[in-house]
Chemist: 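Just passing along the structure, written as C-alpha cells.
Heads up: numbering here begins at 1 and tracks the sequence.
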Amino acid sequence: MELLKKLAAPAFGALALSLAIFLLKSAPSSKLWKGYTTLSVPAAADEKAVNGVLSEGGCGDYIALESQEQVFFGGYESARLKYFYDKNKGYKIYYIPDSNARGAQTAARILQSRLHIDAVLGSRAAFPYVAPLVCVLVFAAFFAFAENKAVFAAASAPALFFAFCNPFYAAAAAVCLELYAFFLAQKMWRRKGWVSCAAKNPFAVLFMSAAFLLSIAAGGARPLYFLLSAACAFCLLLALFNWQIISEKKERFLPVFIRSAKRMGALSVQSVRRSAFSALGIFALFILLLLGSDLVPSSSEKGLFFPAPTEYNEGERDFPNLDDYYAVKWNALAAPYRTLNKKSSEIPAEGDKVEMVHYTKTPDGIKSQTEFVRSYDKAFRKEALAQLDLFERAPVEKLWKAQGKRFSVRYTSGGGENAGFGVAAALILAMLPSLFAALYYIFALKRGKYVS
C-alpha cells in the first residue's frame, strides 16, 4: 500500500501531464494557406500544359493567375499579381483546394515525370524536427557528465517531450536552458539541505527563469506547456525520490554524503565549461533559424519565399486583402452616382452611403427627392463575399475568404515558426546566461572565491 501510494500517485500525475502536453501539441506545417495547397512551377513553364495537367489530375476549382478577371481600379489588379509568384518571380503559384489534395499530388507527379517541370507541392519548408534533435544532443552532452544520471534523466525527460511536441526554435532554446539548470541542480540531489539549496541556487534559478521567458517569446500557449512539463518533471523526481527511499530500507549499509549541498558550490570548473553545451545548442538553433528564413538571401530551391498569411497589421499594404476587395466592390457600385466635381476617397468608411437624387416637376416648381441606394456595412460585405462563389473561374479572393479572419501577408520560406527579428533576438538573448556564468567564474577566480 505504501509503495502504491508513494509511487503510483506521482507516476499517474506525470502520465496525466504528459498526456496534456501531447494533446495540446502544436507543430509547424508545410501548408501556407488554410484550405488550400500551393503548387508552384517555374514561371517560364507552358501555362496551357500546366493547366491541362491540373485539370487532368482532378484539381477541381483551383485558383490560377490566368483565371482572374480584370479589375480596373487603382493598383488593385497589379498588386493582386503578387499572390501568384514567389519573391524572386522565378516560380508561378497555383492554389488547389484541400478537397482536391490527392489531385494536386497526382498533378505534381505528372508535371515532374512526364513534362519534366520542377513542380513544388506545398512550401518545401523542412519540418523543423532538427530543433528538438538539437535538444537531444544537448541532453546527451549533459547526461554524459552528470553525477546523478537517473535524476538528470528524470528531470529532463518532460523537457525533451515538450520540445518534440512543440518543434519551434525558441521553444527548443528554452529547453536547452532548462537542461543546464537541471544539470546544475542534479549534483545536490539528497545531500544535506539539497531542496533549499537547489531552490536558491542563483544560477539554476537564472537559467530556469530565462527558459520560461524564452517560452513566452515562442508565442501562443507555450508558456503553459512549459509549466506543465516542469510539473511533470517534479512528479518524476518525486517518484524517483520515493523509490530510492523505499529501496534503501532494504539495504543493510547506506553511504552518507560528506559534503552538504551548500558546500557543492553554485558553479564548478566543469559546470562552467559545460555551460557551453547549452550555448552551442542555442547558437545552432539561431543559425538554423537564419538559414530557414528570409533574414538572409538564398539561391537554393529551398530558399524559395512564398506569400503567406500572418498576423493582421493595418500598416502592411504590399499585398491586397479582403478590405481592398470590399473597396473595389463598393467603388464599382458607387462610381455612377458620384459627382465629378468632388474627389471621393477610394477607401470606404463604415456607414458610407450611396444616394441618388431625383427631380420631379410639381405645381410648386421642380423639387428634388433623395433615394437611398446602399450603405457600406456588414450586410454589404457579406453579400460581396457570397458573390465570390458565383464566379465561373475561381478568383484569388476565395483564398482570402477561406482564411476566416483578417490577415496581412509576408514572404516566408514556409509554414511554421515566424522567423522574424523577434525570434532571432530572443535566441541571441538566450545565450547570455551562459556567458554570464562564464564571466562570474572568471571574476570569482581572480578574487580567490571560486569553489571547485
Side-chain angles (χ1 to χ4, degrees), residues 1-29 127-129 131-136 138-140 142-143 146 148-186 188-190 194-196 198-199 201 204-205 207-249 278 416-417:
M1 188 66 179
E2 180 186 10
L3 181 65
L4 180 66
K5 193 179 295 183
K6 291 188 175 182
L7 293 182
F12 177 79
L15 180 62
L17 290 168
S18 299
L19 181 61
I21 295 172
F22 177 77
L23 294 177
L24 296 172
K25 67 182 182 298
S26 61
S29 169
F127 194 73
Y129 273 126
L133 286 178
V134 169
C135 296
V136 171
V138 173
F139 165 79
F142 283 131
F143 181 80
N148 297 291
K149 297 185 185 301
V151 175
F152 180 70
S156 302
L160 294 176
F161 186 65
F162 163 77
F164 276 96
C165 289
N166 293 271
F168 297 87
Y169 295 114
V175 170
C176 290
L177 293 176
E178 188 179 10
L179 292 176
Y180 186 51
F182 291 146
F183 177 76
L184 291 176
Q186 54 83 28
M188 303 177 188
W189 179 256
R190 296 191 61 193
W194 65 279
V195 175
S196 174
N201 186 320
V205 172
F207 278 83
M208 282 297 290
S209 301
F212 178 69
L213 292 176
L214 197 55
S215 70
I216 296 176
R222 290 181 194 97
L224 172 61
Y225 308 155
F226 181 87
L227 292 176
L228 290 177
S229 70
C232 184
F234 174 79
C235 290
L236 289 178
L237 289 175
L238 180 60
L240 178 62
F241 177 80
N242 290 338
W243 170 259
Q244 291 181 346
I245 294 295
I246 294 172
S247 299
E248 289 173 357
K249 289 182 179 180
S278 61
E417 187 164 14

Chemist: Just jot down the ring-ring contact (aromatic ring centres under 6.0 Å, His included) partners of Tyr225, sequence neighbours excluded, or say none.
Modeler: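 Per chain and number, Tyr225 pairs via ring-ring contact (aromatic ring centres under 6.0 Å, His included) with no residue.
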Chemist: From Leu177 CG over to Met208 CE, what is the distance, rounded to the nearest 0.5 angstrom?
Modeler: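 Spacing of CG (Leu177) from CE (Met208) equals 10.0 Å.
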Chemist: Can you tell if the side chain of Tyr180 reaches within under 4.5 Å of the side chain of Val138, non-hydrogen atoms only?
Modeler: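 The answer is no; the side chains never approach within 4.5 Å.
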Chemist: Does the Gln186 side chain pair with the main chain of Val151, one donor and one acceptor, at a distance under 3.5 Å?
Modeler: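 Flag not set: sc Gln186 to bb Val151 has no pair under 3.5 Å.
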Chemist: Measuring from atom CD1 of Ile216 to atom CZ of Phe226, what distance do you get when rounded to the nearest 0.5 angstrom?
Modeler: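 Ile216 atom CD1 to Phe226 atom CZ measures 9.5 Å (nearest 0.5 Å).
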Chemist: List in chain and number order the residues that pass side chain to side chain contact (heavy atoms under 4.5 Å, CB included) with Phe241, two or more places apart in sequence or in another chain; answer none if no residue qualifies.
Modeler: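 Applying side chain to side chain contact (heavy atoms under 4.5 Å, CB included) to Phe241 gives Trp189, Arg190, Trp194, Ile245.
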Chemist: Could you tell me which residues satisfy ring-ring contact (aromatic ring centres under 6.0 Å, His included) with Phe182, sequence neighbours excluded, listed by chain and number?
Modeler: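 Applying ring-ring contact (aromatic ring centres under 6.0 Å, His included) to Phe182 gives none.
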Chemist: Would a 4.5 Å heavy-atom cut-off, applied to side chains only, mark Leu236 and Pro158 as touching?
Modeler: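 Yes. Closest side-chain heavy atoms under 4.5 Å.
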Chemist: Quick one, Val136 and Phe164 - any side-chain contact, counting heavy atoms below 4.5 Å?
Modeler: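 A side-chain contact under 4.5 Å exists here.
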Chemist: Does Phe22 have any ring-ring contact (aromatic ring centres under 6.0 Å, His included) partners at least two apart in sequence or in another chain, and if so, which?
Modeler: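 Partners of Phe22 under the ring-ring contact (aromatic ring centres under 6.0 Å, His included) test: none.
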Chemist: What is the minimum heavy-atom distance between Ser229 and Phe162, and which atoms define it?
Modeler: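 Where Ser229 meets Phe162 most closely, the heavy atoms are CB-CB, 4.0 Å.
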Chemist: Could you pull out all residues at least two apart from Ala204 that satisfy side chain to side chain contact (heavy atoms under 4.5 Å, CB included)?
Modeler: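 For Ala204, the residues satisfying side chain to side chain contact (heavy atoms under 4.5 Å, CB included) (neighbours in sequence not counted) are Asn201.
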